[in-house]
Asks: 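Below is a structure I'd like to ask you about.
In what follows, every heavy atom counts, from backbone to side chain, and hydrogens, waters and symmetry copies are set aside.
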Amino acid sequence: MSTVGNSTNIFWQESPIGKTERQKLLNQKGCVVWITGLSGSGKSTLACSLSRELNNRGKLSYILDGDNLRHGLNKDLGFKAEDRVENIRRVGEVAKLFADAGLICIASLISPYRKDRDACREMMQDSSFIEASYSKPDFTVFMNMSLQLCEARDPKGLYKLARAGKIKGFTGIDDPYESPLNCEIELKEKEGECPSPVAMAEEVVSYLEDKGFLQNE
């Protein structure tokens with residue numbers, strides 16, 4: 001019996017089937033690929049391309065997209081600092097469950113604050129979190145695209161609204177983005193252009209292969 005948060009008198013129920021058995025069934029290792037970067041940096045594009053490439057290889061993945069989650073799980077949250085913290089915490093907890101299920105979970109969120117990304121990594125006690133900003137067996141992918149490139153692309157028209165003062169607390173304009181310090185994968189623009197989705201996906205897949213996530217031994 002224990003107390004967790006505001007809950008009391010709760011028990012942890014162990015499952016008769018563990019992560020090892022689930023990974024064996026899927027012939028892959030569960031992990032979290034955390035894609036971070038400014039709005040318009042190509043996070044969702046990479047997530048979709050990566051998921052397609054994994055599917056072509058017979059590997060099961062699932063995308064946790066920041067905007068999609070705000071339609072359901074996080075629809076009660078805004079963009080104030082405390083809401084951003086809770087948003088990332090919830091996504092981290094869900095991503096942890098997907099990785100425990102043996103899936104390759106692709107989390108695609110701006111996730112601007114370093115401490116929040118670090119907190120999600122700490123949830124993965126068995127090193128199954130990949131932030132392309134840390135040299136560990138799992139990883140974060142840092143979409144290191146300049147503000148100028150992201151603003152020029154502005155696929156959702158959000159930078160234009162932020163510059164006009166119609167959106168407050170917008171990351172990169174009037175709210176900070178804290179870049180990863182030592183990411184596993186850092187994808188950069190070349191001559192002002194973002195690499196192709198296929199090229200980016202192939203780089204991430206190559207990393208997953210090298211680290212043994214695409215097979216269960």
Side-chain angles (χ1 to χ4, degrees), residues 28-71 87-88 91-92 94-95 98-99 103-114 116-117 120-121 124 128-159 171-172 177-211 213-214:
Q28 64 185 49
K29 293 180 180 177
C31 65
V32 178
V33 179
W34 194 279
I35 305 174
T36 178
L38 292 170
S39 176
S41 61
K43 298 182 301 300
S44 295
T45 299
L46 171 58
C48 291
S49 184
L50 175 58
S51 184
R52 171 58 59 187
E53 180 62 26
L54 289 170
N55 185 76
N56 291 341
R57 292 168 176 250
K59 303 303 175 183
L60 187 59
S61 66
Y62 194 87
I63 299 172
L64 295 178
D65 180 85
D67 277 8
N68 289 357
L69 291 170
R70 285 182 177 274
H71 282 78
N87 179 59
I88 300 305
V91 176
V94 173
F98 273 101
L103 278 67
I104 297 171
C105 180
I106 305 167
S108 172
L109 307 96
I110 294 175
S111 44
Y113 306 141
R114 197 174 293 127
D116 296 336
R117 298 193 303 267
C120 289
R121 180 179 290 274
M124 316 296 166
S128 58
F129 182 90
I130 301 164
E131 189 192 24
S133 63
Y134 294 82
S135 53
K136 283 190 175 183
D138 17 17
F139 65 98
T140 298
V141 180
F142 174 30
M143 302 295 292
N144 190 5
M145 308 298 161
S146 66
L147 175 62
Q148 291 74 20
L149 173 64
C150 296
E151 191 166 358
R153 296 169 68 179
D154 201 10
K156 301 174 184 176
L158 299 178
Y159 285 101
T171 302
Y177 176 78
E178 298 173 356
S179 301
L181 298 176
N182 301 293
C183 45
E184 290 90 354
I185 298 178
E186 183 175 358
L187 299 173
K188 295 183 177 181
E189 61 189 88
K190 298 177 181 178
E191 299 180 352
E193 296 288 336
C194 182
S196 73
V198 172
M200 292 190 294
E202 287 178 347
E203 184 168 344
V204 178
V205 168
S206 178
Y207 183 94
L208 286 167
E209 285 182 323
D210 290 345
K211 297 299 181 180
F213 285 102
L214 299 189

Asks: With side chain to side chain contact (heavy atoms under 4.5 Å, CB included) as the test, would you mind laying out the steps for Lys29 and Leu208 before giving the verdict?
Replies: CA-CA 10 Å; Lys29 293 180 180 177; Leu208 286 167; over 6 Å; no
Asks: Where the side chain of Glu186 meets the backbone of Asn144, is there a donor-acceptor pair that is under 3.5 Å apart?
Replies: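 The answer is no, because no donor-acceptor pair under 3.5 Å joins these two groups.
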Asks: Please list all pairs meeting salt bridge (Lys or Arg N to Asp or Glu O under 4.0 Å) that have one or both residues in residues 48-58, counting only residues at least two apart or in different chains.
Replies: Glu53-Arg57, Arg57-Glu209
Asks: Provide the full list of salt bridge (Lys or Arg N to Asp or Glu O under 4.0 Å) pairs with a residue in residues 59-70, sequence neighbours left out, each pair given once.
Replies: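 Sorted pair list: Asp67-Lys156.
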Asks: Which heavy atom of Val32 sits nearest a heavy atom of Ala99, and at what distance?
Replies: CG2-CB, 3.9 Å
Asks: Atom CZ in Arg114, atom CG in Leu181: separation rounded to 0.5 Å?
Replies: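 That separation rounds to 4.0 Å.
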Asks: Can you tell me how far apart CG (Leu109) and CD1 (Ile88) are? Round to the nearest 0.5 Å.
Replies: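 One gets 4.5 Å once the value is rounded to the nearest 0.5 Å.
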Asks: Which pair of non-hydrogen atoms, one from Gly172 and one from Leu38, has the smallest distance, and what is that distance?
Replies: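 Residues Gly172 and Leu38, closest heavy atoms: CA-CD2, 4.1 Å.
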Asks: Roughly how far, to the nearest 0.5 Å, is CG of Asn87 from CG of Asp116?
Replies: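 If I round to the nearest 0.5 Å, the distance is 9.0 Å.
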Asks: Show the nearest heavy-atom pair for residues Val91 and Ala107, with the distance to one decimal.
Replies: CG1-CB, 4.5 Å
Asks: What side-chain donor-acceptor pairs closer than 3.5 Å can you find for residues 146-155, not counting sequence neighbours?
Replies:
from: Ser146; atom 1: OG; to: Leu149; atom 2: N; distance (Å): 3.1
from: Ser146; atom 1: OG; to: Glu189; atom 2: OE1; distance (Å): 3.0
from: Glu151; atom 1: OE1; to: Arg163; atom 2: NH2; distance (Å): 3.0
from: Glu151; atom 1: OE2; to: Arg163; atom 2: NE; distance (Å): 2.8
from: Arg153; atom 1: NH1; to: Gly40; atom 2: O; distance (Å): 3.3
from: Asp154; atom 1: OD1; to: Gly157; atom 2: N; distance (Å): 3.3
from: Asp154; atom 1: OD1; to: Leu158; atom 2: N; distance (Å): 2.9
from: Asp154; atom 1: OD1; to: Tyr159; atom 2: N; distance (Å): 3.0
from: Asp154; atom 1: OD2; to: Tyr159; atom 2: N; distance (Å): 3.4
from: Asp154; atom 1: OD2; to: Lys160; atom 2: N; distance (Å): 3.1

Asks: Quickly, which of Ile63, Leu50, Leu214 forms a side-chain contact (heavy atoms from CB on, under 4.5 Å) with Ile104? Name it, please.
Replies: Leu214
Asks: Which ring-ring contact (aromatic ring centres under 6.0 Å, His included) pairs, counting each pair once, include a residue from residues 40-69, with sequence neighbours left out?
Replies: Tyr62-Phe98
Asks: Kindly write out the residues that satisfy side-chain hydrogen bond (donor to acceptor under 3.5 Å, both in side chains) with Ser51, not counting sequence neighbours, or none if the list is empty.
Replies: Ser61
Asks: Shortest non-hydrogen contact from Ile35 to Met143?
Replies: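 That would be CG2-CG, 3.7 Å.
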Asks: Show me, pair by pair, the donor-acceptor contacts under 3.5 angstrom made by side chains of residues 191-205, not counting sequence neighbours?
Replies:
from: Ser196; atom 1: OG; to: Ala199; atom 2: N; distance (Å): 3.1

Asks: Could I get the full list of side-chain hydrogen bond (donor to acceptor under 3.5 Å, both in side chains) partners for Ser111, not counting sequence neighbours?
Replies: Trp34, Thr36
